[in-house]
Amino acid sequence: MEVFLQQIINGLTLGSIYAIVALGYTMVYGIVQLINFAHGEVVMIGAMVALTVIGSLAGANTGMPPVVIVLAGIACAVPVCMAVGYTMERVAYRPLRGAPRLAPLITAIGISIILQHLAMLIWSRNPLSFPQIIPNPVFEIAGANVSGVQIAIISLSALMMLGLTALVYRTRLGTAMRATSENPQVAGLMGVNINRVIASTFVIGAGLGAVAGVMVGTYYGIAHYTMGALLGLKAFSAAVLGGIGNLAGAMLGGILLGLVEALGAGYIGELTDLCHVSWISTGLAERCAQDGHVVLMGSNYQDVFAFLVLIAVLVFRPSGLLGERVGDRA
Amino acid sequence: MSLLEVRNLKVAYGGIVAVRGIDLEVAAGELVALIGANGAGKTTTLKALAGVLRPSGGSVHYDGASITHDPSHRLVQRGIALVPEGRGVFARLTVEENLGMGAYIRDDRHEVRADLDRIYALFPRLKERRAQTAGTLSGGEQQMVAIGRALMSRPKLLLLDEPSMGLAPLMVQKIFEVIASISAQGVTILLVEQNARLALQAASRGYVMESGAITLTDAASTLLASEQVRQAYLGE
Ligand SMILES: Nc1ncnc2c1ncn2[C@@H]1O[C@H](COP(=O)(O)OP(=O)(O)OP(=O)(O)O)[C@@H](O)[C@H]1O
Ligand SMILES: [Mg+2]
């Protein structure tokens with residue numbers, strides 16, 4: 001039971017991060033039907049920039065309180081990522097609007113490679129460690145541990161999801177975004193400058209990605225120029241799970257994926273413990289008697305779950321949990 | 001001087017020329033009909049006038065200025081509104097959000113609110129369905145949304161592309177009554193219609209378009225009486 005509760009908490013934390021990254025994929029897809037494979041790299045750049053800022057402020061003995069230092073890291077990462085998001089739309093995707101689907105898709109992969117290598121040139125090949133400057137108190141709830149960082153990640157993510165929902169459903173820009181996503185030509189006839197609305201979508205998605213990057217960096221205490229690839233792929237899976245193009249779907253998909261992954265990691269060892277079936281061979285029975293466990297797959301198989309989920313969704317419900325239609329849009 | 005002056009307008013889709021150099025004028029306050037068979041180029045003409053398509057040749061002057069190459073989002077600000085063929089309502093937005101999109105360029109909130117009430121008075125059905133997504137409306141109701149939405153921008157020039165398409169006779173009558181009342185309020189209208197008789201009865205002048213060219217233009221009553229029009233477009 002403790003394991004279960006603990007993995008739920010870990011899963012919610014991870015899931016919140018996936019959800020925020022997934023929103024970046026789904027917003028862009030919703031408005032231009034493009035899978036921006038470079039979004040994971042934007043998240044990575046967010047983590048790297050924040051790390052650089054936090055590291056130098058923490059090292060400079062400024063006497064700033066740690067929370068202020070982390071906020072300063074976020075405050076630098078967000079505009080940098082927004083600029084990256086804007087530039088990528090303006091330079092790479094806008095000229096390809098109206099081109100066959102494959103062209104922007106390949107471009108996205110190209111941008112992601114370029115961004116990774118730029119990051120490698122700037123921040124080196126080595127993993128950089130996030131300075132653990134924030135005191136991270138651990139609370140105990142019913143036998144499970146919740147850390148201050150986990151609480152911060154979950155609540156900040158919830159705030160961002162609420163904020164984004166309000167933006168999309170309550171503001172003029174949000175209505176224009178929804179109108180453009182349905183029919184850009186008619187949105188133009190209403191006076192919407194669709195280029196500006198599309199650029200705003202990229203910028204907002206990148207801003208969310210930047211915060212996600214800081215959150216992952218702080219959670220794992222590490223950042224690396226390749227970290228965006230796997231994270232991006234998982235968040236993309238989460239967006240597909242929820243129904244790509246659908247905001248609520250990305251949030252739901254992210255959280256579910258985090259939970260599946262954490263529970264999977266928590267129980268896979270036990271589930272694949274060959275000692276449950278020790279009768280199949282005497283050799284095995286002997287080893288079980290000695291070690292207690294012969295585990296086939298450990299929690300390092302955690303990453304597999306995201307893709308099992310992705311495959312299952314694509315097979316059984318290609319439009320995702322909350323998606324409406326499939327087919328020509330994908 | 002005319003509000004809208006089109007000279008030698010040419011529009012092409014890649015290599016396919018759909019409009020081959022037409023001249024067309026609409027004076028302020030006028031209601032002009034543009035009729036023609038399927039594929040004649042009527043929709044293409046309206047889209048070019050609204051800035052959705054870029055002309056490949058010729059010029060468009062509106063209110064004394066050249067708007068030949070202006071994009072649609074600028075033209076709305078100048079007072080040109082297009083009700084597109086097939087209505088083009090935003091299916092996943094509510095009726096009220098759709099109407100709100102029509103007023104996207106305006107920031108006089110109180111006036112917008114008053115205009116919204118006017119649209120609801122014109123189409124009480126829309127008021128009942130204001131919180132419903134537009135995709136769930138019937139075709140006729142969607143046409144009301146499309147027309148109401150265009151009016152919300154307070155256009156000087158209203159371009160209507162087949163507003164009666166696919167509607168039951170009673171609804172067609174209602175839509176034409178609305179068009180007449182909009183026109184009576186001084187809005188200049190260019191009306192494209194398959195229903196040539198109704199269009200020419202509502203309009204003061206008309207143009208007949210065939211394979212991308214204007215083949216005939218005259219007072220609407222003259223066109224209604226002309227042998228050529230009667231045979232080709234009125235089914236007589
Ligand atoms: N997107 C497009 N690409 C290529 N050709 C097109 C395109 N849209 C229209 N056309 C062609 O341009 C010509 C004029 O089409 P248009 O839609 O303007 O006709 P229309 O007069 O509005 O007809 P209808 O009464 O059927 O609506 C047609 O031959 C049509 O096939
Ligand atoms: Mg047409």
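Letters A, B, ... mirror the listed sequences (proteins, then strands); counts begin at 1. FYI, side chains are in, hydrogens and waters are out, and symmetry mates aren't considered; it's all heavy atoms of this structure.
Residue B:Arg74 does not touch chain A at all, counting heavy-atom pairs closer than 4.5 Å. With a 4.5 Å cut-off on non-hydrogen atoms, B:Ala91 touches chain A through its backbone and its side chain both.
Ranked by non-hydrogen atom pairs under 4.5 Å with chain B, the options A:Ala187, A:Gly188, A:Ala176, A:Gly191 are led by A:Gly191. Here B:His73 is the residue among B:His73, B:Lys47, B:Gln77 with the most heavy-atom pairs under 4.5 Å with chain A.
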Item to check | side-chain hydrogen bond (donor to acceptor under 3.5 Å, both in side chains) assessment of B:Tyr120 paired with B:Glu96 | outcome: CA-CA 10 Å; B:Tyr120 284 147; B:Glu96 191 142 316; 2.5 Å; yes
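Looking at B:Glu193, its side chain does come within 3.5 Å of a backbone N or O of B:Ser164 through a donor-acceptor pair.
Contacts classified as ring pair (Phe, Tyr, Trp, His ring centres under 6.0 Å) and involving residues 79-110 of chain A (residues at least two apart or in different chains) are given here: A:Tyr93-A:Phe202.
Judged as a salt bridge (Lys or Arg N to Asp or Glu O under 4.0 Å), and not counting sequence neighbours, the contacts of B:Asp115 are B:Arg106, B:Arg118, B:Arg154.
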